[in-house]
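Chain letters run A, B, ... following the sequence lines, proteins first, then strands; residues in each count from 1. Basis for what follows: all heavy atoms, side chains included, without hydrogens, waters or symmetry-related copies. As the structure is a computational prediction, the values presented were derived from the model and not from experiment.
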Amino acid sequence: MEQRALWDEPAQGSSEEAPSSGSTGERTSRVRPGRELSLQQQAATVAPAVSASPPVLASIAVARPVRGEFTYSVPESLVSQLAPGQRVLVPFGRGTALGFYLGPAARPPGENVRLKPIQRVLEDSPSLPKDLIALLRFAAEHYRYPLGEVIRGSLPPGLSKPVDEKEAKPDVQQFAVALVNEVPPSLARAHAQSAALAYLLAVGGSAPLEEVSHAIPGARAHLKSLASKGLVRIEEKKLEAGVKEGLIQGRPDRLTPEQDAAGVTLREALDTGAFQPFLLHGVTGSGKTEVYLRAAEHALSLGKGSLILVPEIALTPQLVGRFRSRFGSEVAVLHSALKDRERLFHWQALRKGEVKIAVGVRSAVFAPVENLGLIVVDEEHDPSFKQDDSLRYQARDLAVVRGKQAGAVVVLGSATPALETLENVKKGRYRLLELKRRVDDRPMPTIEMVDLRQERPRDGMMTDEAPILSPPLLAAMEETLGRGQQVILFLNRRGHSTVLLCEVCGVSLKCTSCDVCMTHHRSQNRVVCHYCGLAMPVPDRCLECTGPMLKLGIGTERVEAEVLERIPTARVARLDRDSATSAEKLTEMLAAFARRELDVLVGTQMVAKGHDFPGVTLVCVVMADTSLAIPDFRAAERTFHLLTQVAGRAGRGKDPGRVLVQTYNPDAEPVKRVLAHDFDGFAQQELEWRKALAYPPFARMASIRLEGEHPEQTASVARHLGNIISRNMPPASVGVRLLGPAVAPIAKIRGKTRWQLLLKGPTHVALAPLLARVEAALVDVPSAVKVVIDVDPGAML
DNA sequence: AGCACGCCGACT
DNA sequence: GTCGGCGTGCTC
């Protein structure tokens with residue numbers, strides 16, 4: 001049972017193959033990519049000179065949620081204008097639609113369809129480069145999404161409507177340039193201004209005003225006042241490519257030997273100009289970013305472009321800053337809320353090859369970087385690379401596919417690689433580059449465990465709730481704070497208590513429209529459903545039997561309260577989705593912590609991601625068990641990733657770090673292995689388990705999720721789809737298994753009943769025909785039940 | 001997604 | 001007798 005890499009699996013009916021057997025309706029046959037004949041030439045080869053020449057046929061992906069490609073005739077006058085990748089206007093149904101010309105169609109569609117002519121070609125030079133067409137086709141096929149929609153979704157808004165090409169004007173853009181290197185103390189009382197300046201410094205000292213005010217609402221005004229104080233300069237600048245600007249900051253001239261070795265290997269790979277995938281496995285603080293930067297520099301020196309994918313860009317201004325300060329306007333930063341016109345501008349600049357480096361989140365995998373030489377996926381294990389609606393793609397996987405199609409070097413970087421990636425290394429598909437030591441030979445933080453069963457937290461003044469901070473943890477905090485250093489407390493749950501339970505009848509307070517417990521938010525004095533947002537006053541008696549309520553389950557609010565109570569002198573803040581209500585607040589809190597105006601930061605994942613706080617020498621995981629209990633085969637892996645990431649926040653400055661992990665499950669594998677800094681051991685063990693149970697990476701999965709208004713109807717549709725799959729199962733020897741239909745782990749959200757079916761098989765190819773059957777059966781599913789197919793699902797919930 | 005066709009309730 | 005509700009079906 002061998003798992004094949006996404007990219008070397010000949011996906012059924014992919015662009016290289018004839019249309020698949022199971023397909024319904026007439027589709028035009030696919031065109032081989034790569035051969036660049038003009039339409040005239042191709043038409044000539046298809047139909048050699050006959051007296052009455054047949055109509056020239058074009059295969060078009062229509063930007064409507066319909067499957068397949070459509071065949072249109074090409075009017076004489078347009079024959080010479082057509083080139084693959086162009087946006088065209090076609091009659092569709094009663095009206096017209098945007099379409100994408102993909103190439104000539106070999107044969108006409110069925111007898112009973114009336115062929116219509118392409119109405120207009122919307123642009124001279126194709127919006128879509130050839131290699132992207134291939135990638136988009138693959139994505140549509142693999143993730144089962146209409147090709148036209150896939151293509152439209154990959155284009156900037158300006159090009160995704162059926163309008164003529166319009167050149168994005170080389171907009172005059174306002175840049176803010178910092179004139180100081182740090183936030184001066186004089187700004188201490190101007191929080192908003194110091195937040196804006198802090199952001200600016202974090203991204204390398206210079207950034208478009210637009211970008212800053214996206215991250216920090218109202219920053220435009222704040223930067224203007226900073227300008228009047230002489231701390232910032234506002235420049236009007238034509239967005240132009242190829243101009244180096246900004247301060248070139250901190251290009252270290254010395255690399256660690258490991259960084260150097262990785263750099264040499266990548267340079268050699270880039271020189272060959274062929275596809276080569278790498279895993280850059282480097283512990284936190286080992287300087288992976290510098291390796292990416294050097295590789296991108298080398299690609300640039302070869303005249304090649306680079307694509308850098310990062311998780312959640314708003315949270316990693318450091319990385320953006322380093323790219324911007326190293327490459328200046330050679331970089332397009334594709335962040336989540338660029339204005340339409342800016343997005344278009346960047347897109348076209350990349351398409352024309354004027355800007356050669358793109359940095360962005362998962363959707364940037366479709367950025368039209370010309371002459372692509374390098375693709376980097378930073379923190380490749382991060383779950384945010386999987387899109388969870390519409391086209392449910394995994395950007396890391398598509399990055400490898402794209403690299404293969406473009407002949408590029410692909411670097412997947414992580415301290416805790418995804419097991420899929422690791423297995424690809426073991427199988428020899430990816431080459432391994434390792435950075436085992438931190439820069440400046442800083443030691444790894446020591447990690448200790450606190451067994452909560454033995455070290456019972458002692459009651460404080462709060463009488464109604466059991467405390468959660470154990471004596472060793474409190475002692476460590478006091479010691480650290482005593483030295484004037486800072487502490488991070490991590491807990492993956494918001495709110496005060498996560499469960500309200502009746503002492504008499506044992507019924508817990510559930511949301512009326514979701515199958516989850518309501519969380520008590522004491523700061524808001526109400527209970528809140530974290531799935532649908534429903535909130536109501538805190539009931540003081542059980543709604544069923546009027547018995548008294550117990551408050552169980554610990555959230556960040558309670559941890560914060562307990563710290564305040566036990567260490568009254570500490571300056572404590574909480575950082576989670578409830579307290580960081582705006583990007584401004586988030587940045588401000590992080591900045592205040594960085595300025596050491598706070599001693600203790602209590603928070604959820606928000607505190608775990610990539611921040612660099614040199615003053616933090618103690619990191620405490622309040623309860624490692626929360627993410628272990630999730631009913632998902634990746635729960636252990638996620639826990640390991642999370643714990644490692646949090647632990648990596650400790651000891652980033654000159655003082656060594658210490659990590660305390662509280663748990664009720666000291667024997668749980670991820671907890672034990674994190675303590676020992678033993679990723680390899682964990683991975684080995686986990687891989688064996690996955691193999692035994694035939695889970696990824698030793699199998700491919702697809703989930704079919706249903707959501708419906710009526711419980712009965714939803715269940716019956718789920719059973720119906722289950723029957724269809726069962727009837728079409730390949731022989732048992734192929735090893736495809738159906739799990740379910742079953743009620744989803746969260747049985748109801750927003751009043752909608754949820755069911756799911758899970759398919760497991762040795763390869764994606766083994767699953768594809770079944771998915772095609774399911775898809776075909778969807779046409780007679782009542783519209784009250786929504787069904788989605790999720791290929792390579794990221795989570796089972 | 002649009003935009004039809006299509007077969008059942010309250011209005012001039 | 002009509003206007004119109006949005007269920008379902010198709011679009012080269």
Side-chain angles (χ1 to χ4, degrees), chain A residues 13 18-20 23-31 39 42-43 46-47 54-79 82 84-122 133 136-137 140 143-155 157 159-163 389-392 706-710 712-714 716-717 720-721 752 774-789:
Chain A
S20 61
S23 67
T24 51
E26 314 86 349
R27 309 240 177 105
T28 52
S29 73
R30 307 290 156 68
V31 182
L39 189 66
Q42 298 204 27
V46 170
V56 178
L57 302 178
S59 185
I60 307 277
V62 180
R64 288 286 163 81
V66 289
R67 299 228 139 250
E69 292 166 27
F70 289 77
T71 306
Y72 285 84
S73 62
V74 183
E76 197 81 29
S77 58
L78 295 184
V79 170
L82 272 182
Q86 273 167 334
R87 297 156 61 247
V88 295
L89 191 68
V90 291
F92 191 72
R94 232 130 301 252
T96 58
L98 173 66
F100 306 97
Y101 171 59
L102 301 171
R107 58 189 155 90
E111 303 294 305
N112 40 5
V113 272
R114 197 172 85 254
L115 208 58
K116 292 180 183 174
I118 294 177
Q119 226 164 69
R120 207 142 65 81
V121 176
L122 294 171
I133 295 181
L136 293 161
R137 255 192 176 131
Y143 297 106
R144 315 202 80 84
Y145 207 76
L147 178 58
E149 290 281 278
V150 171
I151 297 176
R152 187 164 62 121
S154 77
L155 292 173
L159 298 176
S160 58
K161 286 176 276 300
V163 292
D389 61 304
S390 57
L391 175 69
R392 295 165 180 266
L706 299 86
E707 204 177 86
E709 210 72 59
H710 320 291
E712 278 316 311
Q713 188 187 37
T714 313
S716 96
V717 171
H720 172 64
L721 295 179
K752 301 252 171 73
V774 170
E775 215 164 61
L778 293 187
V779 296
D780 34 52
V781 165
S783 55
V785 181
K786 281 245 175 311
V787 184
V788 298
I789 297 176

Inset, instruction - Please state how far atom CZ in A:Phe70 lies from atom C1' in B:dA1, giving the value in whole angstrom units. - result: 12 Å
Legend entry - Distance in angstrom units between A:Lys786 NZ and C:dT8 C1', rounded: 13 Å
Inset, instruction - Please report the closest heavy-atom contact between A:Ser59 and A:Glu69, naming both atoms and the distance. - result: OG-OE1, 2.8 Å
Legend entry - A:Arg94, nearest nucleotide to its side chain (from C:dC12, B:dA1, B:dA4): B:dA4
Legend entry - Protein-nucleotide distance (A:Leu98, atom CG; C:dC12, atom C1'), rounded to Å: 16 Å
Going by atom type alone, with no hydrogens or angles, which donor-acceptor pairs under 3.5 Å involve a side-chain atom of residues 84-91 of chain A and a protein atom two or more places apart or on another chain?
| residue | atom | partner | partner atom | Å |
| --- | --- | --- | --- | --- |
| A:Gln86 | OE1 | A:Ala83 | N | 2.7 |
| A:Gln86 | NE2 | A:Gln81 | O | 3.1 |
| A:Gln86 | NE2 | A:Glu123 | O | 3.1 |
| A:Gln86 | NE2 | A:Asp124 | O | 2.9 |
| A:Arg87 | NE | A:Leu159 | O | 2.8 |
| A:Arg87 | NH1 | A:Glu123 | OE1 | 3.0 |
| A:Arg87 | NH2 | A:Leu159 | O | 3.3 |
| A:Arg87 | NH2 | A:Lys161 | O | 2.9 |
| A:Arg87 | NH2 | A:Val163 | O | 2.9 |

Legend entry - Separation of atom CD1 in A:Ile60 from atom C1' in C:dC12, rounded to whole Å: 10 Å
Legend entry - OH on A:Tyr72 to NZ on A:Lys116, rounded to 0.5 Å: 6.5 Å
Inset, instruction - With the side chain of A:Arg64 defined as its heavy atoms from C-beta on, choose the nearest nucleotide among B:dG2, C:dC12, C:dT11. - result: B:dG2
Inset, instruction - Under 4.0 Å between any heavy atoms, over every strand shown, what does A:Phe92 touch: base, sugar-phosphate, or nothing? Just pick one. - result: base
Inset, instruction - Grab the NZ-P distance between A:Lys161 and B:dG2 for me, whole Å please. - result: 13 Å
Inset, instruction - Just call it for A:Pro91: base, sugar-phosphate, or nothing, with non-hydrogen atoms closer than 4.0 Å on any strand. - result: sugar-phosphate
Inset, instruction - Round to a whole Å and report the spacing from CZ of A:Arg67 to C1' of C:dC10. - result: 16 Å
Legend entry - Salt-bridge present (A:Arg64, A:Glu149; N to O < 4.0 Å): no
Inset, instruction - Measure the distance from CZ on A:Arg107 to P on C:dC12 and round it to the nearest whole Å. - result: 18 Å
Inset, instruction - Whole angstrom is fine here: how far is it from CD in A:Glu69 over to P in C:dC12? - result: 15 Å
